[in-house]
Amino acid sequence: MIDFNKLADPEFFSENKLPGHSDHTTLFMEKTGEVISLDGLWKFKYSKNPDEVSGGFYAEGYDTSGWDDIRVPAH
């Protein structure tokens, strides 16, 4: 049953949930103990929809000089 009094309260955020966490691991990491950090400066280009995505952007040597730089991790 929905308690509409809670929904009307601007201080009410959540209930009955665990705190956020990440326990992402891979089988490779578990077997080798090797961890690859993805932190750093990344190239970024926003596309409003799939039709605007630059074809072949994933290829080595693709020209990303006009793209933005973003710091990872970030918001």
Side-chain angles (χ1 to χ4, degrees):
M1 177 139 235
I2 297 174
D3 183 349
F4 289 100
N5 291 322
K6 288 182 181 177
L7 296 179
D9 180 0
E11 298 294 318
F12 177 73
F13 181 71
S14 66
E15 69 181 355
N16 299 325
K17 79 177 198 109
L18 297 172
H21 70 283
S22 175
D23 56 2
H24 293 88
T25 61
T26 66
L27 189 56
F28 175 77
M29 287 170 50
E30 291 171 2
K31 287 187 175 186
T32 66
E34 185 174 339
V35 176
I36 300 170
S37 173
L38 299 178
D39 295 359
L41 201 59
W42 284 65
K43 288 299 205 178
F44 178 80
K45 181 173 187 278
Y46 178 75
S47 299
K48 291 182 183 178
N49 58 57
D51 293 331
E52 292 185 1
V53 174
S54 303
F57 70 90
Y58 45 82
E60 194 167 330
Y62 185 86
D63 181 17
T64 59
S65 60
W67 292 21
D68 294 325
D69 292 326
I70 59 170
R71 183 140 321 264
V72 174
H75 48 75

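Quick note: residue numbers are just sequence positions, from 1. All heavy atoms count here, side chains included; hydrogens, waters and symmetry mates do not.
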>> If hydrophobic residues (ILVMFWY) are linked whenever their side-chain heavy atoms come closer than 4.5 Å, directly or via other members, who joins F13 in its cluster?
In response: none
> Looking at residues at least two apart in the chain, or sitting in another chain, which of them share a salt bridge (Lys or Arg N to Asp or Glu O under 4.0 Å) with D51?
Replying inline: none
> Mind checking what makes side-chain hydrogen bond (donor to acceptor under 3.5 Å, both in side chains) contact with K43, not counting sequence neighbours?
Replying inline: D69
> With clusters built from Ile, Leu, Val, Met, Phe, Trp and Tyr whose side-chain heavy atoms come within less than 4.5 Å, directly or transitively, what are the remaining members of the cluster of W67, listed by chain and number?
Replying inline: V53, F57, Y58, Y62
> Taking only residues two or more places apart in sequence or in another chain, which ones pass side chain to side chain contact (heavy atoms under 4.5 Å, CB included) with D63?
Replying inline: S65
> What's the verdict on side chain to side chain contact (heavy atoms under 4.5 Å, CB included) for R71 and L41, showing C-alpha distance, side-chain angles and the deciding distance?
Replying inline: CA-CA 5 Å; R71 183 140 321 264; L41 201 59; 4.0 Å; yes
>> So, using side-chain hydrogen bond (donor to acceptor under 3.5 Å, both in side chains) as the criterion, who are the partners of E15 when residues are at least two apart?
In response: K6
> What is the minimum heavy-atom distance between E52 and S47, and which atoms define it?
Replying inline: O-OG, 3.5 Å
